[in-house]
Chemist: 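Starting off with a structure, shown below.
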Amino acid sequence: MAQTGNFKSPARLGTLGDGAEVSASGAVASGKPREEGLKGVDFERRSFLHKIVGGVGAVVAATTLYPVVKYIIPPVKEVKVVNELTVGKASEVPDGAYKIYQFNTDKVIVVNKGGALTAVSAVCTHLGCLVRWEKDQDLLFCPCHGAKYKQTGEIISGPQPLPLKQFKARIEGDSIIVSKA
Amino acid sequence: MAENQNPAAGNAPAKPKPAAPGAAKPAAPGAAKPAAPAAAKPQAPKAAAAPSGVYKPPVDRTDANPYKNNRVGALGAWFQERFYVIMPILDYLKKKEVPKHRLSFWYYFGGLGLFFFMIQIVTGLLLLQYYKPTEASAFSSFVFIQKEVPFGWLIRQIHAWSANLMIMMLFIHMFSTFFMKSYRKPRELMWVSGFLLLVLSLGFGFTGYLLPWNELAFFATQVGTEVPKVAPGGAFLVEILRGGPEVSGETLTRMFSLHVVLLPGLVLLVLTAHLTLVQILGTSAPIGYKEAGLIKGYDKFFPTFLAKDGIGWMLGFALLVYLAAVFPWEIGVKADPLASAPVGIKPEWYFWAQFQLLKDFKFEGGELLAIVLFTIGGGFWMLVPFFDRQASKEQRSPIFTIIGLLVLAFLLVNTYRVYAEYSALAH
C-alpha cells in the first residue's frame, strides 16, 4: 500500500477528539485575535533580552562543561624515565626465546639468539599489536596483520609504516638490563 | 468511537461562555492568553469559596466519572478515572494495522531485534551481579560466572549469542526496509532513528567485547581503537576512549561504563522515538502494492500481529538457547599487556567488512581513505530517504535498489573473505 490514506491527517487522528484540531493560525482560543495580543510588544527589547539570556546561558553551560570535559581526559601518569633498567633474570630468556618487558613507557621485546640479546620495541607500528619472535624464520612477526621485521627492527614486509624503535639489552651477572639505544 | 467521545478528553465545555460576573476581571488585551483556565473560570468561584482552606483545582468535567459505564473491571476503572487523558492515545494505538502481502514475512525482524534487546537487558543485569570491571578481577569474575555460578554459563552464553542475533536481526530489518523503500516519505525519521539504533548496537558490541578481558578481546580492542588515530582529532578521541595512551585497565572501566550506562540510556531514548513513529505512521507496504491489489488484507497490530510476533519471538528464543548450549563462546586466556598477540586476531563478524577494507587499503594514506569512505557511506546511508526522491513520490527507484544491492554485496563478500582467511589460519 502506499501510505494508508492521507498521512497528513489520517483518519485515525479522529480518535484524538476535538483536542487534536490544533490550529496554528487565526484566533487564539479565548477569542482574541493574535495580532491584537502582540500589539505593543517591544521587539527590540525582546530580542535584546533573548541575547542576554542566551549569553548568560552559554557562559553557565561552558563553566559547567569545562570541568566535565577536563575530567574525562585521562590525566598523564608520571613515569620516572630511566636510562637503563634491570628488567628480569637472564634465565627468563634462554637461547631462542623472547620476552616482553616494560621499559619506561615502552614495551620492549628482548630476543636471545645464540646467546646474544637484542631489544626493540614490541609494539607493531601498524596497529599496535605486540609482536613475537619466530625462531624458525628468524624474524619478528605481528600476528594481527602479518607485519614482519628483522631482529633489529627493520621492516621486511607487511602493512607497517615504520621500523621498530631500537633499544639495547645486555646480561650483567644474572640479570637482563635494557637501556636506551 | 462514540463511547470515548467524552467531554473530559476533549475540550468540549470550552465553548466561549461569557465571563461569569463573579469572576469578572475586565479582559485586558493580552491577559486572555491561556484558553483552558478561562474556560474553567465559571466553576472556579465555587471551589475558591469553599472555606476548608485546601485548594482543589477546578475540574471541567460534566460527569464525575465518565468511564463508570465502560466494560472494564474495578481496577481498570480506577486507572481510567485518573488517567483518562491517555485513553484517546490507547484508542489510537488500537487502530494500527499491518498489511498482509507476499513480503509481510520481513515485518518480523524489527520485532525480533527488539526481543533480543530485551533479552540483553535481562541477562546483562544478571551478569552485573557477579562481574567486576577492573583489570585485576574482570577475567576471574568472568570465569567465576562461567564455572561457579549456577547457570552462569547459560546466562553468559545467552548474552553473547543474543548480542550477535540482535545485530543480525537489525541488519536483516534494515536491508528489508531498504529494499521495500519503507524509508520513503513520511517515514524518513523512522529510517534515521533505526540507523542510529544500529550504530548504538554496534557500539554495544564493541564495548562489550572487551569486558571478558581475555587476550582476543584485548588485542581486538587494541586494533579497533588504533584505527581512528589516523583521522584528524582521532588520537584525542582514542585517548579518551582508552582512558590513557594504551589499552589498559582504565580502558576496561571506560568500556564498561559505556556498555552498561551510556549506551542503554541512549538506546532507550532513540528506541522510544523509533517505536512511537512506528505507531503513529503505521507499517509501510512496498511501492505500488495497494494500487496493484497485492494487499490481501490487514492484521490488527494489537493483538493479532503482536501475537504473530510472539510466535517469531518464541522461535528466536528456541534458536538462542540452542546456540548458547551447543555452540558456546570461548573463555580464552586472561589478557596480559606484556604478551605477544595471539594468531588470528579479528573483530566481531559485524566489523569484518570494514576490517577487510582496512586490510585491502595498504597504500600510503589508505587507512584514512577507508575511514573517510566509511563516514561518507554511513552518512549517505542514513540520509537515503532524503536522496531517494522517486520513492517519496511513490514511484519505483531502481537506482537505489542497485545501490542497496551493491552495499549488501560489499558487506557479504568482504565478510566472507575474512571468514575464509581466518578459518584457514585456524586449521
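Per chain, numbering begins at 1; letters A, B, ... match sequence-line order. These numbers were taken from a predicted model, which means no experiment stands behind them.
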Chemist: Is the backbone of A:Ile72 close enough, under 3.5 Å, to the side chain of B:Arg254 for a donor and an acceptor to pair up by distance?
Modeler: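 Confirmed, B:Arg254 side chain pairs with A:Ile72 backbone.
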Chemist: With only heavy atoms counted, which part of B:Ala339 is less than 4.5 Å from chain A, the side chain, the backbone, both or neither?
Modeler: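 For B:Ala339, the contact with chain A is made by the backbone alone.
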Chemist: I'd like to know if the side chain of B:Gln222 and the backbone of A:Leu127 have a donor-acceptor N/O pair within less than 3.5 Å.
Modeler: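 Yes, because the side chain of B:Gln222 sits within donor-acceptor range (under 3.5 Å) of the backbone of A:Leu127.
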Chemist: Using heavy-atom distances under 4.5 Å, tell me whether A:Lys77 contacts chain B through its side chain, its backbone, both, or neither.
Modeler: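 For A:Lys77, the contact with chain B is made by the side chain alone.
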Chemist: Tell me which of these, A:Gly158, A:Pro159, A:Gly128, has more heavy-atom pairs under 4.5 Å with chain B than the rest.
Modeler: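 If we count pairs closer than 4.5 Å to chain B, A:Gly128 comes out on top.
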Chemist: Rounded at 0.5 Å granularity, tell me how far CG in B:Asp336 sits from CD1 in A:Ile100.
Modeler: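 Those atoms lie 8.0 Å apart.
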Chemist: Using non-hydrogen atoms and a 4.5 Å limit, figure out which bit of B:Phe218 sits close to chain A: side chain, backbone, both or neither.
Modeler: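 For B:Phe218, no heavy atom lies under 4.5 Å from chain A.
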Chemist: So which heavy atom on A:His126 is nearest to which on B:Glu226, and how close?
Modeler: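 Where A:His126 meets B:Glu226 most closely, the heavy atoms are O-CG, 4.4 Å.
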Chemist: So do A:Lys99 and B:Leu338 actually touch side chain to side chain, heavy atoms under 4.5 Å?
Modeler: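 With C-beta onward as the side chain, the pair stays apart.
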Chemist: Enumerate donor-acceptor pairs with a distance under 3.5 Å from any side-chain N or O in residues 171-181 of chain A to protein atoms, sequence neighbours excluded.
Modeler:
{"unit_1": "A:Glu172", "atom_1": "OE2", "unit_2": "A:Arg170", "atom_2": "NE", "d": "2.9"}
{"unit_1": "A:Glu172", "atom_1": "OE2", "unit_2": "A:Arg170", "atom_2": "NH2", "d": "2.8"}
{"unit_1": "A:Ser175", "atom_1": "OG", "unit_2": "A:Glu172", "atom_2": "O", "d": "3.4"}

Chemist: What residues, two or more places apart in sequence or in another chain, satisfy side-chain hydrogen bond (donor to acceptor under 3.5 Å, both in side chains) together with B:Gln356?
Modeler: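 B:Asp360.
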Chemist: Going by the ring-ring contact (aromatic ring centres under 6.0 Å, His included) test, which pairs reach into residues 51-106 of chain A, not counting sequence neighbours?
Modeler: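 Counting only pairs at least two positions apart or across chains, the ring-ring contact (aromatic ring centres under 6.0 Å, His included) contacts touching residues 51-106 of chain A are A:Phe103-A:Phe167.
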Chemist: With a 4.5 angstrom heavy-atom cut-off, could you sort out which part of B:Val247 is near chain A: side chain, backbone, both or neither?
Modeler: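 For B:Val247, no heavy atom lies under 4.5 Å from chain A.
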Chemist: Which of the residues B:Gly293, B:Gly224, B:Pro342, B:Pro245 is involved in the greatest number of heavy-atom pairs with chain A at under 4.5 angstrom?
Modeler: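 Going by pairs under 4.5 Å, I would pick B:Pro342.
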Chemist: Which atoms form the tightest heavy-atom contact between B:Ser340 and A:Val131, and what is the distance?
Modeler: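 Smallest interatomic distance, heavy atoms only, reads OG-O, 2.8 Å.
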Chemist: Got more than 12 heavy atoms from elsewhere within 6.0 Å of NZ, B:Lys300?
Modeler: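 Yes - once you tally the heavy atoms of other residues, nucleotides and ligands closer than 6.0 Å, there are more than 12.
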Chemist: Check whether B:Phe361 gets within reach of chain A through its side chain, its backbone, both or neither, counting any heavy atom under 4.5 Å.
Modeler: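 Neither part; nothing is under 4.5 Å.
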Chemist: Inspect the surroundings of NZ in B:Lys359 and state if more than 12 heavy atoms from other residues, nucleotides or ligands are less than 6.0 Å away.
Modeler: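 Yes, the 6.0 Å shell around NZ holds more than 12 heavy atoms from other groups.
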Chemist: Suppose a student defines contact as a heavy atom less than 4.5 Å from any heavy atom of chain B. Which residues in residues 139-154 of chain A would they list?
Modeler: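 Result: A:Pro143, A:Cys144, A:His145.
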Chemist: Are the side chains of A:Pro74 and B:Glu239 in contact, using a 4.5 Å heavy-atom criterion?
Modeler: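 With C-beta onward as the side chain, the pair touches.
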Chemist: In terms of heavy-atom contacts, does NZ of A:Lys107 have more than 12 from other residues, nucleotides or ligands at under 6.0 Å?
Modeler: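 More than 12 within 6.0 Å, yes.
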Chemist: I'd like to know whether CZ of B:Phe302 has more than 12 heavy-atom contacts from other residues, nucleotides or ligands below 6.0 angstrom.
Modeler: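 Atom CZ in B:Phe302 is crowded, with more than 12 foreign heavy atoms closer than 6.0 Å.
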